[in-house]
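Each remark here refers to the structure printed beneath this line.
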Amino acid sequence: MRRKGREGFTLIELLVVVAIIGIVASIAIANYMGAVTRARQKRTMADIRNIATAWEGRNAEKGSYAPGFTYPATAVTYDDVEGALSPDYMKNVPKVDGWGRPYEFAFEGSVYAIRSAGRDGLFEGADYEPAATSSPDCDLVYSNGRFVTWPADMQSN
């Protein structure tokens, strides 16, 4: 036999459950967004390392970085880099970073550089102090075999 009277949940019980779900969802979304940012940074850093490795290989064979701390003065277009590296040194040269913005390439003498504007999409200038930074919006700059600037929570090599 069923008792008559109390059936279902009270409004307070439902509000408590909804509040708990909201708190768990907000924590999950914050963690997800942080993971997405780190994944984009890692992808960008890996792409930059791969391009640099191919560029170094070309330099070892040809004796020149040209098709390419102060950011090097001579800008090199993506088409120049792709033409110089693909298909002999790298099958597919990435054109955009993890945020969908194009990489910048440059060289000057025996110095080459590859950079991405990072999460905020804004380059911080041309003068970079070689070090990790705590800013998640920092530029990712690779020059002559190592990262010049990178997020502190990422591995440098």
Side-chain angles (χ1 to χ4, degrees), residues 9 11-60 65 67-72 74-108 111-157:
F9 298 104
L11 183 59
I12 298 292
E13 291 170 334
L14 290 175
L15 288 175
V16 168
V17 170
V18 168
I20 291 171
I21 290 172
I23 290 168
V24 170
S26 67
I27 292 170
I29 289 171
N31 287 338
Y32 173 75
M33 296 308 289
V36 167
T37 296
R38 286 189 303 278
R40 287 180 176 162
Q41 287 173 335
K42 284 182 180 184
R43 176 199 154 199
T44 299
M45 291 175 75
D47 284 351
I48 288 173
R49 276 192 195 103
N50 290 337
I51 294 168
T53 300
W55 210 341
E56 288 285 342
R58 182 185 186 284
N59 177 55
Y65 289 112
F69 198 133
T70 299
Y71 193 72
T74 307
V76 179
T77 67
Y78 170 79
D79 293 334
D80 292 337
V81 171
E82 183 182 40
L85 301 180
S86 182
D88 296 333
Y89 303 98
M90 189 173 197
K91 185 175 181 180
N92 296 314
V93 179
K95 187 172 188 171
V96 296
D97 63 13
W99 296 273
R101 292 184 288 275
Y103 290 110
E104 282 195 1
F105 308 95
F107 79 94
E108 186 173 3
V111 176
Y112 72 91
I114 306 164
R115 72 178 179 174
S116 163
R119 182 174 78 174
D120 65 356
L122 303 171
F123 287 110
E124 297 168 3
D127 294 323
Y128 295 100
E129 292 294 324
T133 178
S134 61
S135 171
D137 294 330
C138 73
D139 295 354
L140 301 171
V141 181
Y142 193 93
S143 180
N144 285 25
R146 69 183 191 96
F147 276 95
V148 178
T149 62
W150 67 93
D153 63 341
M154 305 304 265
Q155 294 180 356
S156 62
N157 288 322

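Remember, predicted model here, so these are calculated numbers, not experimental data.
- Side-chain atoms of S143 come within 3.5 Å of backbone atoms of Y112 as a donor-acceptor pair (strictly under, hydrogens ignored).
- Side chain of R43 to backbone of A39: no donor-acceptor contact under 3.5 angstrom is found.
- Checked against I21 for a side-chain contact (heavy atoms from CB on, under 4.5 Å), the options V17, V18, V24 give a single hit: V17.
- The shortest side-chain heavy-atom distance between I48 and F147 falls under the 4.5 Å cut-off.
- Side-chain atoms of Y78 and E104 form no donor-acceptor pair, as typed in the model, at a separation below 3.5 Å.
- Taking every heavy atom of both residues into account, V93 and S86 meet most closely at CG2-CB, 4.2 Å.
- No side-chain donor-acceptor contact under 3.5 Å links D120 to the backbone of C138.
- Judged purely by distance below 3.5 Å, without hydrogens or angles, the side chains of D97 and S116 pair a donor atom with an acceptor atom.
- Of the possible polar contacts, one joining the R101 side chain to the R119 backbone as a donor-acceptor pair under 3.5 Å is found.
- At distances below 3.5 Å, at least one donor-acceptor pair connects side-chain atoms of S26 with backbone N or O atoms of I23.
- Atoms CE and CD, on M45 and Q41 in that order, are 8.0 Å from each other to the nearest 0.5 Å.
- Nearest heavy-atom pair across L85 and I51 is CD1-O, 4.1 Å.
- Closest of all the heavy-atom pairs between M90 and A54 is CB-CB, 3.8 Å.
- Between the side chain of N50 and the backbone N or O of A46, at least one donor-acceptor pair lies under 3.5 Å.
- In this structure, OG1 in T77 is found 3.0 Å from CG in D80, a value given to the nearest 0.5 Å.
- Judged by distance alone, the side chains of D47 and T44 never bring a donor and an acceptor atom under 3.5 Å apart.
- The side-chain tip of R115 does not point at the ring of Y142 from less than 6.0 angstrom away and within 45° of straight on.
- Of all the heavy atoms in A117 and G121, the pair that sits closest is CB-C, 3.5 Å.
- By the 4.5 Å heavy-atom criterion applied to side chains, I27 and N31 are counted as neighbours.
- Here R58 contributes atom CZ and D88 contributes atom CG; the two are 9.5 Å apart, rounded to the nearest 0.5 Å.
- Counting heavy atoms from C-beta on, the side chains of T149 and L140 never come closer than 4.5 Å.
- Heavy-atom minimum distance, F105 versus Y103: CZ-CB, 3.7 Å.
- Residues Y32 and V36 are in side-chain contact: their nearest non-hydrogen atoms beyond the backbone lie under 4.5 Å apart.
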